[in-house]
J.: 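Have a look at this one before I ask anything.
We use all heavy atoms of the structure for the numbers below, so side chains are in, but hydrogens, waters and symmetry mates are not. Whatever order the structure lists ligands and atoms in, that order sets their numbers, starting from 1. Residue indices begin at 1 and follow the sequence shown.
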Amino acid sequence: MFIQSDPLLADEAFAIECQVHEFPWTRAVFDSCNSQQYWRSVLILNDSIAGYVIAQPVADELTIMNVAVATVNQGQGYAKQLLQHLFARARQAQINTMWLEVRQSNTNAIMLYQSQGFVQVGRRRDYYPAGDTREDALIFRLDL
Ligand SMILES: CC(C)(COP(=O)(O)OP(=O)(O)OC[C@H]1O[C@@H](n2cnc3c(N)ncnc32)[C@H](O)[C@@H]1OP(=O)(O)O)[C@@H](O)C(=O)NCCC(=O)NCCS
């Protein structure tokens, strides 16, 4: 297992995106993260992508845009390792604060973020589409 910084995300990663998210990004949005504005960390297992994290740095802040681990690889600490890799890079880049938004129904992700020290600091009502209805976004923050 190793983690690679800033490879281009292609078909293999997008397949994970579609597999694990109930409301995946479109391919166009996913591909738009293959630019210098974003940090991409990809976890490689047996020559295949098992997960990734995408984040956007602005000044001394970093926003996590997406984290995903392939279904078959979940529950083995890989998302935690991806986040810790990101924290190390963020500290090197003098990032002071990290942010993210998550659907309030996404218990696994919320547990992951809380286990890594993120604290809920806000809520955006009806932020995400959810079928015929809408769902709140919870805003989490971590001071590095
Ligand atoms: C959220 C997600 C990335 C977690 O990946 P993972 O590799 O399974 O997570 P880890 O094994 O590193 O778990 C880390 C911590 O997260 C929490 N967690 C993750 N999955 C959990 C589950 N099914 N039940 C309870 N807690 C869970 C736990 O606190 C866990 O720590 P612990 O094992 O010490 O208790 C993965 O479930 C996923 O890809 N989900 C779909 C995409 C998504 O929702 N992304 C986040 C929103 S952008």
J.: Counting only heavy atoms and a distance below 4.0 Å, can you name the residues contacting ligand 1?
T.: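 Lining ligand 1 at under 4.0 Å, by heavy atoms, one finds V20, H21, V67, A68, V69, Q74, G75, Q76, G77, Y78, A79, K80, N106, N108, A109, M111, L112, Y113, S115.
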
J.: Can you list everything that forms a salt bridge (Lys or Arg N to Asp or Glu O under 4.0 Å) with D126? Sequence neighbours excluded, please.
T.: none

J.: Which pairs pass side chain to side chain donor-acceptor pair (under 3.5 Å) with one or both residues in residues 111-122, sequence neighbours excluded?
T.: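 Residue pairs with at least one partner in residues 111-122: Q84-Q116.
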
J.: Could you go step by step and tell me if E17 and W25 meet the side chain to side chain donor-acceptor pair (under 3.5 Å) rule?
T.: CA-CA 7 Å; E17 173 73 14; W25 284 357; 4.7 Å; no

J.: Would you mind listing the cluster partners of L8? Hydrophobic ones only (ILVMFWY), side-chain contacts under 4.5 Å, chaining allowed.
T.: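 L8 shares its hydrophobic cluster with no other residue.
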
J.: Please say which of I16, N66, N34 ends up in a side-chain contact (heavy atoms from CB on, under 4.5 Å) with L9.
T.: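 It is N34, the one option of I16, N66, N34 that forms the side-chain contact (heavy atoms from CB on, under 4.5 Å) with L9.
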
J.: Name the residue from R103, R125, R123 that meets the salt bridge (charged side-chain N to carboxylate O under 4.0 Å, His left out) definition with E135.
T.: R103

